[in-house]
Undergrad: 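Take a look at this one; I'll ask things after.
Everything quoted here is computed from the prediction, not taken from an experiment. A, B, ... follow the sequence lines: proteins, then strands. Residue 1 opens every chain.
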There are 2 protein chains.
Amino acid sequence: MAISEGLSIGALADRTGLAVSAIRYYETQGLIRPWRNAGGQRRFQRSDLRRLSFVMIAQQFGFTLPEIRAELDRLPGGRTPTRSDWARISRSFRTRLDEKIGALEKLRDNLDGCIGCGCLSLPACALYNPVDKAAAGGQGPRYLMGDTPE
Amino acid sequence: MAISEGLSIGALADRTGLAVSAIRYYETQGLIRPWRNAGGQRRFQRSDLRRLSFVMIAQQFGFTLPEIRAELDRLPGGRTPTRSDWARISRSFRTRLDEKIGALEKLRDNLDGCIGCGCLSLPACALYNPVDKAAAGGQGPRYLMGDTPE
DNA sequence: CCTTGACCTGAAGTTAGGTTTAGAAATTAG
DNA sequence: CTAATTTCTAAACCTAACTTCAGGTCAAGG
């Protein structure tokens, strides 16, 4: 195998711990874009290892594949991403993480008080407005997922 | 309608913001146990409002329905749960929440450093051991989800 | 009484995120 | 060169958590 022929899907699977089928699936979702060799097999760049690691980490945080793709799409198209490209993604990603963690903490901090009181079933309860969508969208009860019922 | 005939499924849906079909589904999963009136329709206790609210909140935190059921099963069987019954559930639940939040924070704090460095694709990276399963299970690489690959 | 809306059941459909399978072609090891 | 691996595609299958649908029943208002 000549130098810089790229990594096979199996090599990528071994090094990330992902299943081969998962990597193929991620390709269908636009998370990676391997090229093909003469025989039609997928070949990957080294930087795809980092892309896949990013996918795995972001999934642990509860991001969906389309959301992850949106972050990855901010990487440069024509060249291999540099360290500072990744740092930029990292900052943007971290902001979204902080929001998630903040929402969880807020819910948690309301939990003890609310779960024991009578308000848990009422729209007035703080737990019904976890991400503070209150007052956005007019009056009337806001429900748990931030949408109106029905 | 006589007093204490119980709540209809529609009333419960209106007051929780859940779909009627979701409430029926929760019954199949053992999260609520309504009784039936003479005509075969479901009737609910007021305390089921709180049960359902708990379900909705726990789901936001990423708990699965079986996990939520396990928490709810700790409520007393023969009587309507009291405030202190709920407080006990709340404490147990909060412990699990704190663990989740802690794991997220740990990941987040490693993110900036790791994402820009070359280690992101290597098992040595801190991000590969988010919940600190390191050293449990012998030597060799630990992968992202805490399991060995393959 | 009659109509309309709420409710019933069971089965099938939906979305996300993959895995499994089957049969064929490419690659690698000996 | 031959045999054993890998890889390929397309389609089917899988789980969680529901929703939708079809065909029928129950309940409440006028």
Side-chain angles (χ1 to χ4, degrees), chain A residues 1-3 5-44 48 51-52 54-70 72 143-145 147 149-150, chain B residues 1-3 5-44 48 51-52 54-70 72 143-145 147 149-150:
Chain A
M1 59 181 84
I3 268 177
E5 227 192 51
L7 299 163
S8 70
I9 195 167
L12 210 59
D14 288 345
R15 297 186 57 176
T16 57
L18 288 168
V20 166
S21 59
I23 299 177
R24 289 202 193 101
Y25 177 70
Y26 291 159
E27 182 184 1
T28 72
Q29 302 307 297
L31 297 170
I32 35 174
R33 305 187 169 284
W35 70 92
R36 302 301 178 112
N37 72 2
Q41 297 192 352
R42 291 171 182 81
R43 294 304 153 186
F44 298 85
D48 287 330
R51 280 181 89 91
L52 289 180
F54 182 83
V55 172
M56 296 167 83
I57 292 165
Q59 279 193 300
Q60 283 204 31
F61 281 105
F63 291 98
T64 64
L65 296 186
E67 286 171 330
I68 297 168
R69 182 188 171 166
L72 287 174
Y143 291 85
L144 259 181
M145 299 314 283
D147 288 328
E150 173 188 51
Chain B
M1 60 179 85
I3 265 178
E5 226 191 52
L7 299 162
S8 70
I9 196 169
L12 210 59
D14 287 346
R15 298 187 55 175
T16 57
L18 288 167
V20 165
S21 59
I23 299 178
R24 288 201 194 102
Y25 177 70
Y26 291 158
E27 182 184 0
T28 72
Q29 302 306 298
L31 297 170
I32 34 173
R33 304 187 168 282
W35 71 91
R36 303 303 177 108
N37 71 2
Q41 297 191 353
R42 291 170 182 81
R43 295 303 153 185
F44 297 85
D48 287 329
R51 278 181 91 90
L52 290 180
F54 182 83
V55 172
M56 296 167 83
I57 291 166
Q59 279 193 300
Q60 283 205 31
F61 281 106
F63 291 98
T64 64
L65 295 187
E67 287 170 330
I68 296 168
R69 184 190 169 163
L72 286 175
Y143 291 85
L144 261 181
M145 298 314 283
D147 289 327
E150 175 189 49

Undergrad: So which one's nearest nucleotide on DNA chain D is more toward 5', A/A11 or B/A38?
TA: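 Whichever sits nearer the 5' end wins; that is A/A11.
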Undergrad: Is there side-chain contact between A/I32 and A/L72, with heavy atoms separated by less than 4.5 Å?
TA: no
Undergrad: Tell me: CH2 of B/W35 to P of C/dC7, nearest whole Å?
TA: 15 Å
Undergrad: Side chain of B/R36 only, heavy atoms from C-beta on: which candidate in D/dC8, D/dT20, C/dC8 is closest?
TA: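 So the nucleotide nearest the side chain must be C/dC8.
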Undergrad: When the distance from CG of A/L12 to P of D/dT6 is rounded to whole Å, what number comes out?
TA: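 Taking CG of A/L12 and P of D/dT6, I get 16 Å after rounding.
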Undergrad: Tell me whether the OP1 or OP2 atom of C/dC7 has a side-chain N or O from B/N37 closer than 4.0 Å.
TA: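 No, B/N37 has no side-chain N/O under 4.0 Å of OP1/OP2 on C/dC7.
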Undergrad: What's the CD-P distance between B/E5 and D/dA28, to the nearest Å?
TA: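 Distance check: B/E5 CD to D/dA28 P gives 7 Å.
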Undergrad: Hey, which of these two, B/R42 or A/I23, hits DNA chain C nearer its 5' end, going by closest nucleotide?
TA: B/R42
Undergrad: Output the single nucleotide from C/dC8, D/dT19, D/dA17 whose closest atom is nearest the side chain of B/I9.
TA: C/dC8
Undergrad: Is any side-chain nitrogen or oxygen of B/S8 closer than 4.0 Å to OP1 or OP2 of C/dC7?
TA: yes
Undergrad: What nucleotide, of C/dG17, D/dA17, D/dC8, holds the atom closest to the side chain of A/Q41?
TA: D/dC8
Undergrad: On DNA chain C, check which nucleotide each of A/V20 and A/G39 is closest to and give me the residue with the more 5' one.
TA: A/V20
Undergrad: Identify which nucleotide among C/dT9, D/dT20, D/dT7 has an atom closest to any side-chain atom of A/R24, counting heavy atoms from C-beta outward.
TA: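 Ranking C/dT9, D/dT20, D/dT7 by closest atom to the A/R24 side chain puts D/dT7 first.
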Undergrad: Rounded to the nearest Å, what distance is computed from the OH atom of residue B/Y25 to the P atom of nucleotide D/dT20?
TA: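 After rounding, the gap between these two atoms is 15 Å.
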Undergrad: Among A/R42, A/R69, A/R33, which one satisfies salt bridge (Lys or Arg N to Asp or Glu O under 4.0 Å) with A/E27?
TA: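 For A/E27, the salt bridge (Lys or Arg N to Asp or Glu O under 4.0 Å) test succeeds with only one of A/R42, A/R69, A/R33, which is A/R42.
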Undergrad: Can you see if the side chain of A/Q59 gets near the phosphate of C/dG18 - specifically, an N or O under 4.0 Å from OP1 or OP2?
TA: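 Yes, A/Q59 has a side-chain N/O under 4.0 Å of OP1/OP2 on C/dG18.
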Undergrad: Within less than 4.0 Å of OP1 or OP2 of C/dG17, is there a side-chain N or O belonging to A/R69?
TA: no
Undergrad: Run the numbers on A/T28 and A/R24 for side chain to side chain contact (heavy atoms under 4.5 Å, CB included), then give the verdict.
TA: CA-CA 7 Å; A/T28 72; A/R24 289 202 193 101; 5.8 Å; no
Undergrad: Among C/dC7, C/dG17, D/dC18, which is the nearest nucleotide to the side chain of A/T64?
TA: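 Shortest atom-to-atom distance from the side chain points to C/dG17.
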Undergrad: Between A/R43 and A/E5, is there a donor-acceptor pair closer than 3.5 Å when you use the side chain of the first and the backbone of the second?
TA: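 Not at all, since once roles are kept as given, no pair shorter than 3.5 Å links the two residues.
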Undergrad: C/dT9 P sits how many Å from B/E27 CD, rounded?
TA: 7 Å
Undergrad: Does D/dC18 have OP1 or OP2 sitting under 4.0 Å from an N or O in the side chain of B/Y26?
TA: yes
Undergrad: Could you tell me how far apart A/Q29 (CD) and C/dT19 (C1') are, to the nearest whole angstrom?
TA: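 It works out to 14 Å between those atoms.
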Undergrad: Roughly how far, to the nearest 0.5 Å, is the CD1 atom of A/I57 from the CG atom of A/L52?
TA: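 Atom-to-atom, A/L52:CG and A/I57:CD1 are 11.0 Å apart.
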Undergrad: Whole-Å distance between C/dA16 P and A/I68 CD1?
TA: 13 Å
